[in-house]
Structure formats: C-alpha cells, structure tokens
J.: 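Have a look at this one before I ask anything.
Here is how names work: the chains are called A, B, and so on, in the same order as the sequence lines, proteins then strands, and each is numbered from 1.
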Amino acid sequence: MRASHILVPTLRETPADAEITSHIYMLRAGLIRQLAKGLYTWLPLGLAVLRKVENIIREELNNAGAMEVLMPVVQPAELWKESGRWDVMGPEMLRMKDRHDRDYCLSPTHEEVVTDLVRNVVVSYKQLPCNIYQINTKFRDEIRPRFGVMRAREFVMKDGYSFHLEEETFEETYRAMFNAYGSILSRIGLEYRAVEADPGSMGDGESHEFHVLAESGEDALAFSPNSDYAANVESAEAISTIDRPLPTAEIEKISTPGILTIEAVSDFLGIAPSRTVKTLIVEGSKGPVALVVRGDHTLNEAKASRLPLVKSPLTFLKEEALLRDTGVTKGSIGPIQLGIPIFVDHSASNLADFTCGANEAGFHFSNVNWGRDVDLTESVDIRNVQEGDLAADGSGLLEFKRGIEVGHIFKLGTKYSDSMGATIQDRSGKNTPFVMGCYGLGVTRIVAAIVEQHYRDETMHWPIQVAPALVHLVAVNNVKSEQVREAAFSLYSRCLDSGIEIYFDDRDERPGVKFADADLVGLPYRITIGERTLANGVVEFQSAGKEIEFLTADEAIQKLINANEGSS
RNA sequence: CGGGGUAUAGCGCAGUCUGGUAGCGCACCUGCUUUGGGAGCAGGGUGUCGGGAGUUCAAAUCUCUCUACCCCGACCA
C-alpha cells in the first residue's frame, strides 16, 4: 500500500462526536468514516484489519469442521412468518417492500434462512452433523447505536448454525465451537473470558458469552481467580454456604421515627446493613409478592422475574397499590405477618437475629429469626452477586472485570426446526426435528475490541496478526532526494516480493507529518529511510516501543520476514 | 420513547444574548523558500451558517417547524 494511492484521512484533532478509545482512534487513524448513525464505511487500513480478523475466523472454523456459505441479507417475510418471528421481532428489524408490494426484511440474523436451506437440502441423517457459517453484513436497528463500530446498526458478523439428529452430537459440536472461539480470540491476540450467560429469548439451554476484557466494556463480569468459573454479573449465580446460626436474642420492636432506608436503619441502630433485610413488593400473577434480600445486597430483576408467581417483566408495586393491597408503606416493610407470598434470597434466609421493617410506619423489629418469628417459605437466588462473594463453583472469591461481548453461542434445541417443520428421518425412519446450535461472533466489534485492548500510552500497538500492515515505511524527503526515492521504492518492491505487507508513505510531505501519522497508525514495525543514514548504507529499523536499530536493507527485510513467519 | 445538548469551510471552534450582508486555527489550492518530528512568506475562501416556513428594509442571529448527530436513561442481548 502506498500512501499516495490510498485514502488514509488521518485527523489531527479528535472528532467531537467520538467518545471511547476505539472510536476516536479508528476515526483519527483513518480506518473508518461515518455515513450516518450506526453506519460506517471501512477505509483501506480499517478494511485490512477486518479482512485479517475474518480470515483467522475462517481458518479456525474450517479446521473445526464448519463450512462457509453466504446467505442473502434481504429475506422474504414468509420465512419469518413461518417461524413466528415476523411478529415477535420489534422495530430492530428493518422491513421493506419490493415493487410487487411483497414484504421483506433486512436480516438481523439468519436462523430462518439456514433452517430453510437445511430442511430442503439435507435429506439423510448421515449428512449430519451439519455445521454452517457465514461472514456477512447484519442490520439491527438498534435503539441507540454508539461507540463507533462497537455498537453499530450495520455490522459484520460471523454467524454459524449447526444441525444434529440428537443431543450428544450437538454437545460435541458445541464444544468444538466453544474451543474454536477460544483459538480465534487467542490468535487475534485478545485477552478474553468465556462466561456462562443468560440465553435470553434465544432458548433455554446452555449458553456462553465470549468477552474481551476492557475497561470500556459494557458488561460486568464476575470470575473466580482460582478456576475457569466466569459469568456475566447479570446472570451469575449467588450462593450462600453459611449455615444459619441459632437465635441468641428475643425479638424486639423498636421505634424508628422517620427512618426509611437501610442505611438510616443501620446508622440508627449501629449495625451493619448486612444484619438487616429489605423487603420489596412486586406485582405477581395472583396479587403482590414480597422479595426479601439482605440489606447490603441488590435485587437481580432478571432472576426475580423468573419466579413462578412473579410478573415478568418485573414491576414494583406502586405506592398506592402497596398501601391498598398490603396495608404497609415504603420504608417499614418486613416479612412478618405480611400476608402475601414471600421469596427470600439465600443470604437473607441464612441470617439470624436480623432487623427488618415492622409493617407499621416508624417501627422496626430487631433480633428477628426465621422459623421462630416468621415462616421461611422459600429460599431462592434473587440477588446480584458482589465482588468478594463466593464463586458458584466454590473455588474462590469473585472478582469483577468489564468485558466487551464479542461472541455468544447458544443451544437452540428444536425451536426453529419445530416451528419451521425442519425434520430428518432417524435410523428407524421416524421424522425427528433437528437439534440446533447457534454461534455468533461480532467481526467488526472485534476490531474495535482489539483497539480498546491494545491502545496504550497514547498510541496503538497492533498485534502483528491483525495489523493493517506489518511495516510502515517512512521515506524522508523522497520527492526531492532521488537517492532516498530509489532506496525506498526498492525496499518497497522487495518487501512486496517477499510477501511482507508494507505501508509506504511516499507522499510529498514533510518528515514531521509522516512521523506523526506513523505514530498514530501504530504498525508493528517502522523503517525510516533518509539521506542521513543512507550515506552510511543503512536504514532505521524500529519495532514498536523499542530502540531504533541501524540495519542494511537486506537485514531489515530479513527481520521482517522472520516477524512474518513468527506471526503465522 | 423520556431527559439534556449540538448543528457555521475537510477537522476543531468563535460569532447568536443585543438582527446590518461570513470569521479564527489547522487543513486545502497557487508560487517561492525550506526539508529528520505536524515549516516560513505571499496570494487564494473552497460555505445552502442542517432543511423548510415566518417576522423584518435586512436573519447564522428572532419565531415556528422538520431533520440529523452526541450524551444520560429506558429498551434489546
């Protein structure tokens, strides 16, 4: 690549509308340009990175037994009506009509199309398992696109789907894909964690998210330093291993005028918030339901809304309804004689001699004990985990980090094969729905994640495998100096001949401008050619972050060849 | 969808309150000089002041309206 021949519109100043590191960098270094909200053009340097990431994904998936296809992005509504998702999908799916007034959509995902393909094409169980993927553009009309290509509306995604006769072979493929994702992210040079995840609307089976660790990540992850255990904080299981101690004191009703919060109660009584419980009233399918968590814990709404009696999505009871239905007011609620179903979080249920509201304005009970003072109906997991909690696998105390979700793999079961009548004859000749898996990997988001993780000390440090090019050749005054020009072009073509990806700054620019751009782009190596060193028969050779070496052109090229080999 | 903000040259911004015919830095174009860390001198404005409507002798500026973009939240995963 020659700078005089490609568009690399670097920016001296930070664009006003960019917030996070990767967005700022990608705009400033000339990798991308925004067309409209959530829509980006990938310019040559950015595209080079994108293609490298794609190719690593291809190699690893092909190795793992998957096959690549390319499916249409514009899809007929019929398929989506068949699966039932035409009505289920909200406005995030962009819909349109063709000239015959037929409905189409711009695909946010490809389950329907791939299921349709396989039901028509796969005719024998002997062709299974069938593992299909594509690297394609997706469109999701996100409510709020942001952070550049990190959360764009149009983006490149690798989506894979596997089809199986039975669970066992599915598990095998799921494991293979899980491992392939690890290989992909490792090869790209990303520090990542695979975490247990909530499959959400995608199914009810096993599900794992792959997160690239970064401060700017949108998700909080909880993990054990002593094992592989890791989970999204939103779905991490909270456990309590302590056995409930025996009561040591008699229940006591205390006047607590004007004291309405856990903080105020613990201050007033001089006890830790973890010695209190808070009682939250939410709407339920058969009237209000009480949820009890320890004073220092927070309710996990997703967990709570999965309780059978609780309405989903979780809705807190309004003040008026609270008074009408339970006769109590906010700030003095407690589980004793509440008269509605109560779910108690494990940690709260293991408390003895705790403090809670007395269901009477201005009063609390202290030294309350389950069983003795109030029935313990049901102990459940309804809170968010906290840093320092025991990990669900018991291996250690949870630590939190932030992550960027770049991949998510799901077990789909027979959700789509059932609704779309995708069946296969088993060995006994019986028609049985395919068992399916689904494997997503955000390719454009990975590029942003690479930047987030490798931008340090005011500059980008591209991992060799995914750098836009291996080496940045800065020719000092190449337009005026014939000697420099000849040496630079010679080195450039020799690199091309040796399969070295080189970005040659042959512009008629002052050296300072070229150096500044080279610093900004941040390629792994830099070679500077100028009259000064050429007089000694050498060029300047620099690995990112290291001292400059003076080498002959031959030596420099040999070093690059070695670096190239080392990276593949 | 709710709240807040912004929209003036390729980029960053001033001018808007108080209406008077478009401005700064960088970039860009021409010439000369310069040339190892974002050059100097001289010349050049490249603009639908986001769009539309209105008030006015006169609108970047005031009014109404639409749109786009950014931030926070809700939503989604």
J.: Is it the case that the side chain of Lys138(A) and the backbone of Asp159(A) share a donor-acceptor pair, with hydrogens and angles ignored and the cut-off at 3.5 Å?
T.: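 No, the answer is negative, given that no donor and acceptor are paired below the 3.5 Å cut-off.
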J.: Would you check if the distance from the ring center of Tyr439(A) to the ring center of Phe178(A) is below 6.0 Å?
T.: no
J.: State whether Lys514(A) places a side-chain N or O below 4.0 Å from either non-bridging phosphate oxygen (OP1 or OP2) of rG36(B).
T.: no
J.: Taking for each residue the nucleotide of RNA chain B bearing the nearest heavy atom, is the 5' side occupied by Thr14(A) or by Glu19(A)?
T.: Thr14(A)
J.: Could you tell me the separation between the CE atom of Met150(A) and the P atom of rA77(B), rounded to a whole number of Å?
T.: 20 Å
J.: Of the nucleotides rC69(B), rA39(B), rG36(B), which one has an atom closest to the side chain of Val513(A)?
T.: rA39(B)
J.: Among Leu45(A), Asp505(A), Leu473(A), find the one that has a side chain to side chain contact (heavy atoms under 4.5 Å, CB included) with Met1(A).
T.: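 Between Met1(A) and the candidates, side chain to side chain contact (heavy atoms under 4.5 Å, CB included) is satisfied uniquely by Leu45(A).
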J.: Could you identify the nucleotide paired to rA39(B), looking across every strand shown and requiring Watson-Crick or G-U wobble geometry with both distances under 3.5 Å?
T.: rU33(B)
J.: OP1, OP2 of rC70(B) versus side-chain N and O of Gln34(A): anything below 4.0 Å?
T.: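 Indeed, a polar side-chain atom of Gln34(A) lies that close.
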J.: Taking only heavy atoms on the protein side, list every residue of residues 524-531 of chain A lying under 4.0 Å from any atom of RNA chain B, sorted numerically.
T.: Arg526(A), Thr528(A), Gly530(A)
J.: Just the rounded figure in Å: distance from P of rC76(B) to CZ of Arg140(A).
T.: 15 Å
J.: Exactly one of Glu452(A), His23(A), Gln453(A) should register a side chain to side chain donor-acceptor pair (under 3.5 Å) with Ser216(A). Which one does?
T.: Glu452(A)
J.: For Glu263(A), look at atom CD and say whether over 12 heavy atoms of other residues, nucleotides or ligands are found less than 6.0 Å away.
T.: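 Atom CD in Glu263(A) is not packed in, count stays at 12 or less.
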J.: Tell me which nucleotide among rC69(B), rG36(B), rC72(B) gets nearest to the side chain of Arg146(A).
T.: rC72(B)
J.: Counting only Watson-Crick pairs (N1-N3 plus N6-O4 or O6-N4) and G-U wobbles (N1-O2, O6-N3), all under 3.5 Å, who is the partner of rG20(B)?
T.: rC57(B)
J.: Under a 3.5 Å cut-off for both contacts, is rG73(B) paired Watson-Crick or G-U wobble with anything, and if yes, with which nucleotide?
T.: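 Matched rG73(B) with rC1(B) under the 3.5 Å cut-off.
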J.: At a cut-off of 3.5 Å, list every protein nitrogen or oxygen paired with a nitrogen or oxygen from nucleotides 25-27 of chain B, distance to 0.1 Å.
T.:
unit_1	atom_1	unit_2	atom_2	d
rG25(B)	N2	Glu13(A)	OE2	3.1

J.: Can you name the salt bridge (Lys or Arg N to Asp or Glu O under 4.0 Å) partners of Arg140(A), sequence neighbours left out?
T.: none
J.: Counting side-chain heavy atoms from C-beta on, which of rG12(B), rC70(B), rU34(B) comes nearest to Ala16(A)?
T.: rG12(B)
J.: Any idea which of rG38(B), rC72(B), rG36(B) is nearest the Arg144(A) side chain?
T.: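 Within the option list, the nearest is rC72(B).
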J.: Any salt bridge between Asp103(A) and Lys97(A), counting N to O under 4.0 Å?
T.: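 Salt bridge present between Asp103(A) and Lys97(A).
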J.: Do Arg2(A) and Phe489(A) have side-chain heavy atoms sitting under 4.5 Å apart?
T.: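 Sidechains of Phe489(A) and Arg2(A): in contact.
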J.: Given rU34(B), rA77(B), rC11(B), identify the nucleotide with an atom nearest to the side chain of Lys480(A).
T.: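 That would be rU34(B).
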J.: For Phe147(A) and rA77(B), what is the distance between atoms CZ and P respectively, to the nearest whole Å?
T.: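 In whole Å, rA77(B) P and Phe147(A) CZ are 19 Å from each other.
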J.: Output the single nucleotide from rC69(B), rG38(B), rG12(B) whose closest atom is nearest the side chain of Arg28(A).
T.: rG38(B)
J.: Does the cation-pi check pass for Arg151(A) over Phe147(A), that is, NZ or CZ under 6.0 Å from the six-membered ring centre and within 45° of its axis?
T.: no
J.: Could you tell me the separation between the CG atom of Asp508(A) and the P atom of rC29(B), rounded to a whole number of Å?
T.: 10 Å
